Amino acid sequence: MAAPPTIAILGGTGPAGMGLALRWARAGENIIIGSRDARRAQEAAEKIRSKAGDGAQVSGMENSAACAAADLLVLTVPFEGQAALLKQLKPAIRPGSVLIDATVALAASVGGRASRTLGVWQGSAAQQAAELVHQGVSVVAAFHNLSAELLNGDEYLDCDVIVCSDDSKASERTRLLAAKIPGVRAIDGGKLENARILEQITALLIGLNIRHKGHGGMRITGLPPEAYQ
Ligand SMILES: NC(=O)c1ccc[n+]([C@@H]2O[C@H](COP(=O)([O-])OP(=O)(O)OC[C@H]3O[C@@H](n4cnc5c(N)ncnc54)[C@H](OP(=O)(O)O)[C@@H]3O)[C@@H](O)[C@H]2O)c1
């Protein structure tokens with residue numbers, strides 16, 4: 001049987017990246033945690049391996065080494081670091097790679113509220129990412145609306161993941177990956193420009209979580225069964 005493709009999570013030492021890594025490691029995926037510091041990445045990988053259980057394939061590397069070792073990349077860094085990191089990683093990202101961006105341009109990045117977003121000239125953080133990578137790299141927006149707190153636990157996630165991209169194959173690949181998280185249904189959300197709506201929903205969910213003291217997610221109802229992966 002062919003080995004599963006490697007997924008590199010850039011900025012994977014934070015709660016969002018570690019939560020995704022945990023869920024995918026449990027599903028048998030081969031994960032690299034990326035960090036600005038290789039040692040921090042290795043420590044995070046060790047934590048995930050110990051939680052994910054026997055046989056979990058998780059390693060840690062500096063971000064550019066992680067890009068060179070995988071063609072499926074997930075970006076989980078705060079908005080204030082996104083552009084500079086992508087400029088730095090551009091030469092290391094392999095042509096033909098898929099870059100899944102989960103960045104949300106929260107106003108907290110500039111000292112504002114986490115329940116508000118910033119205006120991004122390109123329309124969204126994901127569209128900004130698309131401008132910063134080589135043309136042969138497909139950018140996908142996904143996973144903005146999953147709570148890291150829940151991802152890092154053991155429970156079934158009662159959430160849908162809407163996936164937006166201008167590359168339908170990259171979108172499908174991402175939906176298959178999303179559906180490996182127990183409880184998650186993945187939905188094709190159309191073009192990358194719709195990422196601006198996904199990112200706004202995160203700010204709304206953060207506000208709801210503060211108001212109601214919970215870990216809210218989102219379900220889309222009423223679509224035909226084939227719309228859900
Ligand atoms: N937390 C959630 O529930 C959640 C859910 C969905 C989406 N998101 C989005 O996912 C992203 C990550 O969220 P998070 O809560 O995991 O963030 P975080 O803990 O603030 O950051 C994640 C990692 O990014 C790296 N990083 C931090 N500042 C950086 C910079 N200036 N340049 C390059 N790398 C930097 C750090 O890794 P190293 O120091 O090891 O390099 C850090 O561990 C954010 O854009 C967030 O809006 C979060």
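Ligands are counted one by one from 1 in listed order, and the atoms in each one are counted from 1 as well. Quantities reported herein were computed from a predicted structural model and do not represent experimental measurements.
- At least one N/O-N/O distance between Ser35 and ligand 1 falls below 3.5 Å.
- The main-chain N or O of Ile220 is found under 3.5 Å from a side-chain atom of Tyr228 such that the two form a donor-acceptor pair.
- Within the 4.0 Å heavy-atom cutoff, Asp37 does not count among the residues contacting ligand 1.
- At the top of the distance list for atom 23 (C) of ligand 1, counting protein heavy atoms only, stands Gly11 O, 3.4 Å.
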Residues Gln127, Glu193; criterion side-chain hydrogen bond (donor to acceptor under 3.5 Å, both in side chains); working and verdict: CA-CA 7 Å; Gln127 289 167 285; Glu193 65 183 28; 5.4 Å; no
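- In this structure, CG in Leu223 is found 8.0 Å from CZ in Arg185, a value given to the nearest 0.5 Å.
- Counting heavy-atom neighbours within 6.0 Å of Arg219 CZ, excluding the residue itself, gives a total above 12.
- Here the protein heavy atom with the shortest distance to atom 16 (O) of ligand 1 is Ala16 N, 3.0 Å.
- Taking a 4.0 Å cut-off on heavy atoms, Arg40 registers as neighbouring ligand 1.
- Contact annotation for Leu146 and ligand 1: only backbone heavy atoms (N, CA, C, O) come within less than 4.0 Å of the ligand.
- Residue contact check: Ala102 has heavy atoms under 4.0 Å from atoms 7 (C), 8 (N), 9 (C), 10 (O) of ligand 1.
- Taking only nitrogen or oxygen atoms, main chain and side chain alike, Val77 reaches within less than 3.5 Å of ligand 1.
- Close N/O approach between Arg36 and ligand 1 is found [any backbone or side-chain N/O within under 3.5 Å].
- The distance criterion of under 3.5 Å between nitrogen or oxygen atoms is met by Thr13 with respect to ligand 1.
- Among the atoms of Gly14, some N or O lies under 3.5 angstrom from an N or O of ligand 1.
- For Phe143, no nitrogen or oxygen atom sits less than 3.5 Å from a nitrogen or oxygen atom of ligand 1, counting backbone and side chain alike.
- Counting non-hydrogen atoms of neighbouring residues, nucleotides and ligands closer than 6.0 angstrom, the CZ atom of Arg116 reaches no more than 12 such neighbours.
- Protein heavy atom closest to atom 21 (O) of ligand 1, with residue, atom name and distance, is Pro78 CD, 3.4 Å.
- For atom 22 (C) of ligand 1, the closest non-hydrogen atom of the protein is Thr76 O, 3.4 Å.
- The pair Glu62-Arg36 fails the salt-bridge criterion, with no side-chain N (NZ, NE, NH1 or NH2) lying under 4.0 Å from an Asp/Glu carboxylate O.
- Considering Ile9, Leu151, Val104 only, the shortest heavy-atom separation from atom 47 (O) of ligand 1 involves Val104.
- Side-chain atoms of Thr117 and Glu199 include no donor-acceptor pair closer than 3.5 Å.
- Put simply, the side chain of Ser147 never gets that close to the backbone of His215: no donor and acceptor are under 3.5 Å apart.
- Between Pro15 and ligand 1, a contact under 3.5 Å exists for at least one N or O pair.
- Evaluated for a side-chain contact (heavy atoms from CB on, under 4.5 Å) with Ile7, the options Ile100, Asn30, Val74, Leu73 yield exactly one hit, Val74.
- Between Arg173 and Asp71 there is a salt bridge, since a side-chain N of the basic residue sits under 4.0 Å from a carboxylate O of the acidic one.
- Of all protein heavy atoms, the one closest to atom 6 (C) of ligand 1 is His144 O, 3.2 Å.
- With hydrogens and angles ignored, the 3.5 Å screen pairs a side-chain donor or acceptor of Asn194 with a backbone N or O of Gly189.
- Distance check: Ser50 OG to Leu22 CG gives 9.5 Å after rounding to the nearest 0.5 Å.
- Nearest protein neighbour of atom 31 (N) of ligand 1, counting heavy atoms only, is Gly81 CA, 3.4 Å.
- Every atom of ligand 1 with a heavy atom of Ala148 under 4.0 Å away is listed here by number and element: 1 (N), 2 (C), 3 (O).
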